[in-house]
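Here the structure comes first, spelled out in structure tokens, and everything after it is commentary.
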Protein chains: 2
Amino acid sequence: MSTPAKTPAPGPETAERTGQHAPPVPAPKRRVGRPTKRVLSRRLILETGLRLIDERGAHGVGMRAIASELGVRPSALYNHVAGQAELIAGVRELISDRIATDMFASEPWDAALAGWATHYRNTFAAHPPTIALLATLPLAEESVTSQMYETVIDALVRAGWPGERALTLMVALESFILGSALDLAADDGMLDPGPRRDVPAFSAAYAERAGVLAASGGRAADAAFELGLRALLTGFRAEYAALGLRPRER
Amino acid sequence: MSTPAKTPAPGPETAERTGQHAPPVPAPKRRVGRPTKRVLSRRLILETGLRLIDERGAHGVGMRAIASELGVRPSALYNHVAGQAELIAGVRELISDRIATDMFASEPWDAALAGWATHYRNTFAAHPPTIALLATLPLAEESVTSQMYETVIDALVRAGWPGERALTLMVALESFILGSALDLAADDGMLDPGPRRDVPAFSAAYAERAGVLAASGGRAADAAFELGLRALLTGFRAEYAALGLRPRER
DNA sequence: GACCGTAAAAGAACCCTGTTCATTTACGAG
DNA sequence: CTCGTAAATGAACAGGGTTCTTTTACGGTC
């Protein structure tokens, strides 16, 4: 089961069992020296990293695991990526790049914010193990993320928000988004109190929520995200009104 | 440099240079076998772990580092702690235990929530490196955290919130708190766009905020937390009113 | 009081990381 | 044709967590 019919070639059959997952490519059997055809690229490495995270969890982002998956020795990766930290940052960019911002061009600021937040969270939610991995990382400079921020800030400023308030608002909203993504990544029954008699109100509320969710078929994390997002936007609109803001002339 | 001049003495003076930080205790020089006086305890290990995280960052929570700090071989730790994962969970409990909840006994639900959220965030903020480490961890069952939840839920239910809504609301607020703590842990200039000409609105807003913060002397993350918290509470109060809720009779 | 199971330490290994280095080979420009 | 450079292998290294054996001390029992 573990030794997959090694080809009886006379050459040294190295690079055989580096990881415990069977490599999809049967046996690259590359000999030493620069290969005729390019084997790796930064892009390929990052995408393989993301795929392995999805398939095997956060544990799958190891240099050796990625190398093994690509049929390559670990040291080969360092010709394209500086190290593991940069690799993870690259994967983050890969995901961030998919967050849509087109709603800011067509919808009013508050509706656009709601759509953006939802899409933002869902994009990370599509790769649960990455959330804990990526949420804690500082943003790389010169990142595409800055362009996403540009779109958001620009829309808010056009709606009348002072630049400083717009930035603060966006950061607050993003904090909620990332926190919600973490909550989503955690197990559903994470805060199940279990059969305890010392936390009656908590236990009762938990059971009650379980009933509601079973009836509606939704996820607990989704309900919390929707409630929080709704409350945040209500608060933002109140602030908008209290400041007497109006959309700028264009 | 790597082979540290082993002393030619006949006596085995081991446990000398395990880490690169000088241990505060000069040299325990303990010989093999069970010591006369207890050296370790679960509590001592956890507190040392927290202290090392504070002093050296998230990197300081290694088993070998803690052992070295305590003047002990790494394997000795396993007599008191199952492994690193349990250790980190223990440190989390250590911190969570300090989150105050007394405001729920004396203040109305919305003011209490605000005070709790602020204290919650500040408690984690007192140990910045821990945030990324602990925020991603699932809660241990039977944890003291459940009692904190009990207090919060109980107060909300007494205020008239249905149990299910109370729980959802608390999870939403906690998501915001943890997200804000992550934001706080990140570097202050984390999303500095730098001298880029392709993100004008973002750059302008960033510069404007820098001016405001310089004048007020506050931190960026604090402003975002306060704005978001205020907005959330406004939204929660609106929901409370829309549902026609009233405090329960006691 | 001698005995014995158990607790708690040292110490030595094991395996798995990320990373670096020397080596080998191919490509591409002058 | 030659030479510098890019891109792979292969062999290390340092440093993690963890486990296993050994040694010693404690605490209860006949």
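Residue numbers start from 1 in every chain, and the chains themselves are labelled A, B, ... in the order their sequence lines are given, proteins ahead of strands. Everything numeric here is computed off the predicted structure, so don't read it as measured data.
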Between dA8(C) atom C1' and Ile45(B) atom CD1, what is the distance in whole Å? 11 Å
Students often get this wrong, so: under 4.0 angstrom with heavy atoms, is Ala76(B) touching a base, only sugar-phosphate, or nothing? sugar-phosphate
Rounding to a whole Å, what distance do you find between His59(B):NE2 and dG17(D):C1'? 13 Å
I'd like to check Ile66(A) versus Val72(A) (side-chain heavy atoms, cut-off strictly below 4.5 Å). Are they in contact? no
Any donor-acceptor pair under 3.5 Å joining the side chain of Asn79(B) to the base of dA7(C)? no
Does the pair Glu86(A)/Arg42(A) count as a salt bridge with the N-to-O cut at 4.0 Å? yes
Is Glu150(B) reaching over with its side chain to a backbone N or O of Phe202(A), donor-acceptor style, under 3.5 angstrom? yes
Do Arg56(B) and Glu69(B) sit within salt-bridge range, that is, some charged N less than 4.0 Å from a carboxylate O? yes
d(CZ, Arg73(B); P, dA13(C)) in whole Å: 13 Å
Give the rounded distance in Å between these two atoms: CG of Leu77(B) and P of dA10(C). 9 Å
Out of dG17(D), dT20(C), dA8(D), minimum distance to the side chain of Ser75(A) belongs to dT20(C)
Does the distance from a Lys or Arg side-chain N to an Asp or Glu carboxylate O, for Glu47(B) and Arg43(B), drop under 4.0 Å? yes
Write down the atom of His119(A), the atom of Thr123(A), and the distance for their closest heavy-atom approach. O-OG1, 2.7 Å
Compare side-chain N and O positions of His80(A) against OP1 and OP2 of dA6(D) and report whether any pair is under 4.0 Å apart. no
Tell me the closest heavy-atom pair linking Val171(B) and Ala224(A), and the distance in Å. CG1-CB, 3.7 Å
Separation of dG18(C) P from Ile66(A) CD1 (nearest whole Å): 8 Å
Produce a footprint string for nucleotides 23-30 of chain C: one letter per nucleotide, 5' end first; B if the base is under 4.0 Å from any protein heavy atom, S if only the sugar-phosphate is, - if neither. -BBBS---
Tell me: CD of Glu86(B) to P of dT18(D), nearest whole Å? 10 Å
Where the side chain of Arg30(A) is defined as all heavy atoms beyond and including C-beta, which of dA8(D), dG17(D), dT19(C) is the nearest nucleotide? dA8(D)
Could you check whether the side chain of Arg64(A) and the base of dG18(C) have a donor-acceptor pair of N or O atoms closer than 3.5 Å, going by distance alone? yes
Whole angstrom is fine here: how far is it from OH in Tyr78(B) over to P in dG16(D)? 12 Å
Quick one: Leu70(B) CG to dA9(C) C1', roughly how many Å, whole number? 13 Å
